[in-house]
Trainee: 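Have a look at this one before I ask anything.
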2 protein chains.
Amino acid sequence: MNEKFLLDNQLCFRLYTASRLLTQAYNPLLSAHGLTYPQYLVLLVLWEKDAQPVNDIAKRLYLETNTVTPLIQRMEKEGIVTRSKGEKDARQMIVRLTKKGWDLQVELVDVPTAMGNAVICESVNTETAPELFKMLDDIIAKLKTK
Amino acid sequence: MNEKFLLDNQLCFRLYTASRLLTQAYNPLLSAHGLTYPQYLVLLVLWEKDAQPVNDIAKRLYLETNTVTPLIQRMEKEGIVTRSKGEKDARQMIVRLTKKGWDLQVELVDVPTAMGNAVICESVNTETAPELFKMLDDIIAKLKTK
DNA sequence: TAATTTTGCATCGTGAACGATATAATTCAA
DNA sequence: TTGAATTATATCGTTCACGATGCAAAATTA
């Protein structure tokens with residue numbers, strides 16, 4: 001039996017599990033405000049820069065537009081964002097935060113810190129976190145180009 | 001504007017993205033054999049120990065049975081596994097590899113190495129990988145108990 | 001043993017992800 | 001300028017994930 005097949009030797013399974021469990025940890029904080037985790041990511045993108053076309057949001061999150069479009073349509077239905085055709089380019093759909101969308105930033109102000117604390121442990125702390133960030137960034141950069 | 005909200009400061013987004021992109025990298029290798037990534041994970045579990053109840057497989061993957069059940073039903077339909085009631089405990093559904101399921105291990109023998117190579121970069125290599133593994137394991141352990 | 005609780009699995013509904021495809025607007029090239 | 005290629009978004013189908021719920025078997029307890 002090939003030890004390369006052992007589940008405990010798989011980087012991907014660790015990433016997959018860590019990602020899922022951390023997303024689950026976000027859930028109670030977000031669902032209390034009617035949000036899902038991917039919707040929260042869209043908010044992070046728009047809080048940095050409002051009024052972006054779907055494509056820019058998708059690219060920023062490394063997602064396809066066919067994932068982001070319905071996601072944003074749900075957010076529109078919830079009154080968090082508006083969608084309107086681009087003036088310069090009528091193909092684009094510009095996504096803008098509503099007041100409710102901006103208000104959520106105030107309501108969720110403690111979420112990033114809470115989630116940061118949720119992963120603090122022996123090997124991941126203020127000192128070592130940058131190394132982890134660098135490793136994940138390098139992996140993402142390498143896979144992105146493929 | 002709170003810098004804690006910056007997308008680039010979020011560990012979770014990195015994990016989420018790295019996990020998704022790495023899963024995407026697996027896809028061409030797996031879909032060539034009619035497999036999805038979660039189905040591949042189930043195979044890894046069964047190759048280690050055949051004839052396990054749904055619950056043990058789910059626990060090993062940190063998934064709920066309501067995720068694993070339909071996933072395994074699809075694998076049954078593909079002739080990769082069989083499902084049969086437990087003899088000792090009739091509530092259990094024992095999952096067993098078929099010959100086709102075992103044959104896949106031979107067909108996929110190069111996948112783990114290929115995927116390992118896919119993430120090798122400056123900061124993640126033979127020397128540093130154990131640190132990354134430890135960090136992810138610690139994060140998983142911390143989140144698991146919540 | 002009978003009644004209650006727990007456990008293991010399944011079903012259902014919703015929201016991602018993503019490949020494939022469609023459509024309309026824009027850009028490019030002849 | 002017209003026709004072809006590209007781009008931006010949307011729709012559709014399939015497969016996860018997962019909360020909620022249902023049900024039957026097993027374990028617990030009265």
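Sequence lines set the chain letters: A, B, ... in the order given, protein chains first and strands last, and positions in each chain run from 1.
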Trainee: If I take atom CG from residue L21(A) and atom NZ from residue K142(B), how far apart are they, to the nearest 0.5 angstrom?
Mentor: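 Between atom CG of L21(A) and atom NZ of K142(B) there are 13.5 Å.
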Trainee: Dump the intermediate steps for side-chain contact (heavy atoms from CB on, under 4.5 Å) on R14(B) and D137(A), then the final yes or no.
Mentor: CA-CA 7 Å; R14(B) 280 178 170 78; D137(A) 286 343; 2.7 Å; yes
Trainee: Please list each protein N or O that sits under 3.5 Å from an N or O in nucleotides 22-26 of chain C, with the distance.
Mentor:
| unit_1 | atom_1 | unit_2 | atom_2 | d |
| --- | --- | --- | --- | --- |
| dA25(C) | N3 | R91(A) | NH1 | 3.4 |
| dT26(C) | OP1 | A90(A) | N | 3.1 |

Trainee: Count the heavy atoms belonging to other residues, nucleotides or ligands that lie under 6.0 Å from CD of E122(B), then report whether that count exceeds 12.
Mentor: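 Counting neighbours around CD of E122(B), 12 or fewer heavy atoms of other residues, nucleotides or ligands fall under 6.0 Å, so no.
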Trainee: Below 4.0 angstrom, which residues in residues 63-79 of chain B have at least one non-hydrogen atom near DNA chain C?
Mentor: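 Nucleic-acid contacts, sorted: T65(B), N66(B), T69(B), Q73(B).
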Trainee: Which whole-number value in Å describes the distance from Q39(A) CD to dT14(C) C1'?
Mentor: 11 Å
Trainee: R20(B) has a side chain; which of dG15(C), dA10(C), dA17(C) sits nearest to it?
Mentor: dA17(C)
Trainee: Mind checking what makes ring-ring contact (aromatic ring centres under 6.0 Å, His included) contact with Y16(A), not counting sequence neighbours?
Mentor: Y37(B)
Trainee: For V42(A) and V45(A), what are the C-alpha separation, side-chain angles and deciding distance, and is it a side-chain contact (heavy atoms from CB on, under 4.5 Å)?
Mentor: CA-CA 5 Å; V42(A) 170; V45(A) 170; 5.6 Å; no
Trainee: Could you tell me how far apart L41(A) (CG) and dG15(C) (C1') are, to the nearest whole angstrom?
Mentor: 14 Å
Trainee: According to a strict under-4.0 Å criterion, is Q92(B) in side-chain N/O contact with OP1 or OP2 of dC9(C)?
Mentor: no
Trainee: First and last nucleotide of DNA chain D touching chain B, 5' to 3', heavy-atom cut-off 4.0 Å?
Mentor: dT15(D) to dA26(D)
Trainee: So, is R83(B) near the phosphate of dC9(C), with a side-chain N or O under 4.0 Å from OP1 or OP2?
Mentor: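 Looking at the OP1 and OP2 atoms of dC9(C), neither is under 4.0 Å from any side-chain N or O of R83(B).
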Trainee: Can you name the nearest heavy-atom pair linking A118(B) to L143(A), along with the distance?
Mentor: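 Distance-wise, the nearest heavy atoms are O-CD2, 3.9 Å.
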Trainee: Check each of L71(A), V95(A), V81(A) against E76(A) using the side-chain contact (heavy atoms from CB on, under 4.5 Å) test, and report the only one that passes.
Mentor: V81(A)
Trainee: Identify the two heavy atoms, one from V109(B) and one from F5(A), that lie closest to each other, and give their separation to 0.1 Å.
Mentor: CA-CZ, 3.7 Å
Trainee: When rounded to the nearest 0.5 angstrom, what distance separates CZ in R74(A) from OG1 in T69(A)?
Mentor: 10.5 Å
Trainee: Would you mind telling me which residue lines up with the more 5' stretch of DNA chain D, N55(A) or L21(A), judged by nearest nucleotide?
Mentor: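 Here N55(A) is the residue nearer the 5' end.
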Trainee: Anything under 30° is parallel, anything over 60° is perpendicular, the rest tilted; go ahead and classify Y26(A) against Y40(A).
Mentor: tilted
Trainee: For a side-chain contact (heavy atoms from CB on, under 4.5 Å) with M75(A), tell me which candidate from L97(A), I80(A), T36(A), T82(A) qualifies.
Mentor: I80(A)
Trainee: Could you check how far CG of N27(A) sits from P of dG15(C), rounded to whole Å?
Mentor: 13 Å
Trainee: Do D8(B) and R60(A) meet the salt-bridge criterion of a basic N to acidic O distance under 4.0 Å?
Mentor: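 Between D8(B) and R60(A) there is a salt bridge, with a charged N closer than 4.0 Å to a carboxylate O.
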Trainee: With sequence neighbours excluded, what pairs up with S123(B) under the side chain to side chain donor-acceptor pair (under 3.5 Å) test?
Mentor: D138(A)
Trainee: Heavy atoms within less than 4.0 Å of DNA chain C: which residues of residues 11-19 of chain A have one? Give them sorted by number.
Mentor: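 Correct list: empty, so none.
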